[in-house]
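Structure record follows, encoded as structure tokens.
Just so you know, ligand 1 is whichever comes first in the structure, and atom 1 is the first atom listed for that ligand. All values derive from a computational prediction rather than experimental measurement.
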Amino acid sequence: MAKAKPRVAVLMGSDSDWSVMMGAVERLRELGIECDAQVMSAHRTPDRVSSYVSGAAKRGIRVFVVGAGAAAHLAGVVAAHTTSPVIGVPLNATPLQGMDALLATVQMPSGVPVATVAVGGAENAGILAAQILALSDPQVAAAMKRFKKNMAKKVEAKNAKLQQQL
Ligand code: RP5
């Protein structure tokens, strides 16, 4: 069977971001969503960012999850080149521990939003991308419901364990 086309692009400024950004890919795959993962940089490879993002909708990409650290301009630049939703993941890559990336990612000018998750919040970014796709895809919506149920079950199991220790 042919592999499904990626619907989410997980982009990151450097391969040093991968250990965190793989959390988004893992959550998306668990929810049955194919994604493309690429390293590209707003500062080091600006032309590549522009060409990748400009052609993405035609290739089937619906949502972008974008992580970067330091002067984290990648998510904002991606948002400048697309009308699709962009979820930004600020990363802890400098002695400022992600505060630099958080402000660079979240403080977008009016008209060009980047939905910013917590510093290092790649998993939540993947889940949010799935929730966006779920609005128009009943299979993803069902997968999201199962995900929430499983999460609740895990918490109930933890509580039951605690009760036994009291
Ligand atoms: C950012 O600078 C990247 O997103 C990364 O978080 C940080 C450091 O990049 P490398 O020097 O490890 O390539 O652009």
TODO: Identify, chain by chain and in numerical order, each protein residue with a heavy atom under 4.0 Å from an atom of ligand 1.
DONE: Gly13, Ser14, Ser16, Asp17, Arg44, Ala68, Gly69, Ala93
Task: Co-members of the apolar cluster containing Val155 [side chain, <4.5 Å] - done: none
- [ ] Give the other cluster members for Ile61, using side-chain heavy-atom distances under 4.5 Å between Ile, Leu, Val, Met, Phe, Trp and Tyr residues; answer none if it is isolated.
- [x] Leu11, Met40, Val49, Tyr52, Val53, Phe64, Val66, Leu74, Val77, Val78, Val86, Met108, Val112, Val114
Open item on the list: What I want to find out is whether Glu30 reaches Arg27 closely enough, with some N-O distance under 4.0 Å, to be called a salt bridge.
Closed with: yes
Task: Presence of salt bridge, Asp36 and Arg59, under 4.0 angstrom - done: no
Task: Contact list for residues 41-55, test salt bridge (Lys or Arg N to Asp or Glu O under 4.0 Å), sequence neighbours left out - done: none
Open item on the list: Within the supplied structure, the quantity of interest is the number of heavy atoms (other residues, nucleotides, ligands) at a distance under 6.0 Å from Glu34 CD; does it exceed 12?
Closed with: yes
